[in-house]
Amino acid sequence: MQRLQFALPPVSRVWKRTVSLIHSTTTTLRGKARGKTRQKREAIRRFLISGDEWLESSLEGGTPGDDDPQVLQAALAQRKLDPRWLQTAIEQDDLEVVIVLGTTGCESLVEYLDGKESELAQSRSKTFEWINVLALMLRTEHPAAVDRYLEGVRVLYQRSQSHILYWIGKLAPHAIAIDRTKVEAALPTLPNAVSEELAAYLYQY
């Protein structure tokens, strides 16, 4: 079987019908659906979110079963999908799909992430979703990404203490790559443990 190399076949009649299906008024990525319609929708979502074993096995520097979600998300984001998939996910507030498909150059994504990050920052029960949104903002170089990240790690540490240091470190290289000066200037204003974690990455890169 041929391995998937981050691309889909050229847009065909079947592919166009599939895109049309997801945009129809009777079928959505999320929401109510029954029978075969529901099965088709869920199959589409599963592929958009998870890809397949061939995609995962072709990750550069990765192996099948790699348990780092950010590695897989970054690889999935490189697939050449019809941009309407992302737009549909944004319109339907399907965060799980948006996280995977989010890419640079999408104005509606910038606006969506602004609102979603502010919303999740207020919730103590959606820490993982908030971290994923911060990661996507950094990955797509959202204009407010570094500011939101620095404020986010401050709040997250106050809520979760050392438990959150792992995620702070995972995202640090992305923030540093976007605006090293801003990250360095923020060190004195952050909790000591957070400052030390960021400094370790800051002076490594």
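In this structure, the side-chain contact (heavy atoms from CB on, under 4.5 Å) partners of Pro191, at least two apart in sequence or on a different chain, are Arg154, Tyr157, Val194. With sequence neighbours left out, Lys182 forms a side chain to side chain donor-acceptor pair (under 3.5 Å) with Asp147. Residues forming a salt bridge (Lys or Arg N to Asp or Glu O under 4.0 Å) with Glu119 (at least two apart in sequence, or on another chain): Lys116. Applying the side chain to side chain donor-acceptor pair (under 3.5 Å) criterion to Asp114, with sequence neighbours excluded, gives His142, Arg148. Qualifying side-chain contact (heavy atoms from CB on, under 4.5 Å) partners for Ser108, counting only residues two or more places apart in sequence or in other chains: Gln87, Ile90, Cys106. Here Thr181 pairs with Asp179 under the side-chain contact (heavy atoms from CB on, under 4.5 Å) rule; sequence neighbours left out. Listed by chain and residue number, nothing satisfies the side chain to side chain donor-acceptor pair (under 3.5 Å) test with Thr189 (two or more places apart in sequence, or in another chain). Residues meeting the side-chain contact (heavy atoms from CB on, under 4.5 Å) test with Ala199, sequence neighbours left out: Leu187, Tyr203.
Between Leu150 and Ala186, the shortest heavy-atom contact is CD1-CB, 3.7 Å.
With rounding to the nearest 0.5 angstrom, the CD1 atom of Ile131 is 11.0 Å from the CG atom of Leu120. The OG1 atom of Thr127 lies 7.5 Å from the CH2 atom of Trp130; values are rounded to the nearest 0.5 Å.
Between Val133 and Leu136 the shortest side-chain heavy-atom distance does not fall below 4.5 Å. With a 4.5 Å cut-off on side-chain heavy atoms, Tyr149 and Leu171 count as touching.
With Glu117 as reference, Met137 is the one residue of Met137, Glu151, Glu129 to meet the side-chain contact (heavy atoms from CB on, under 4.5 Å) rule.
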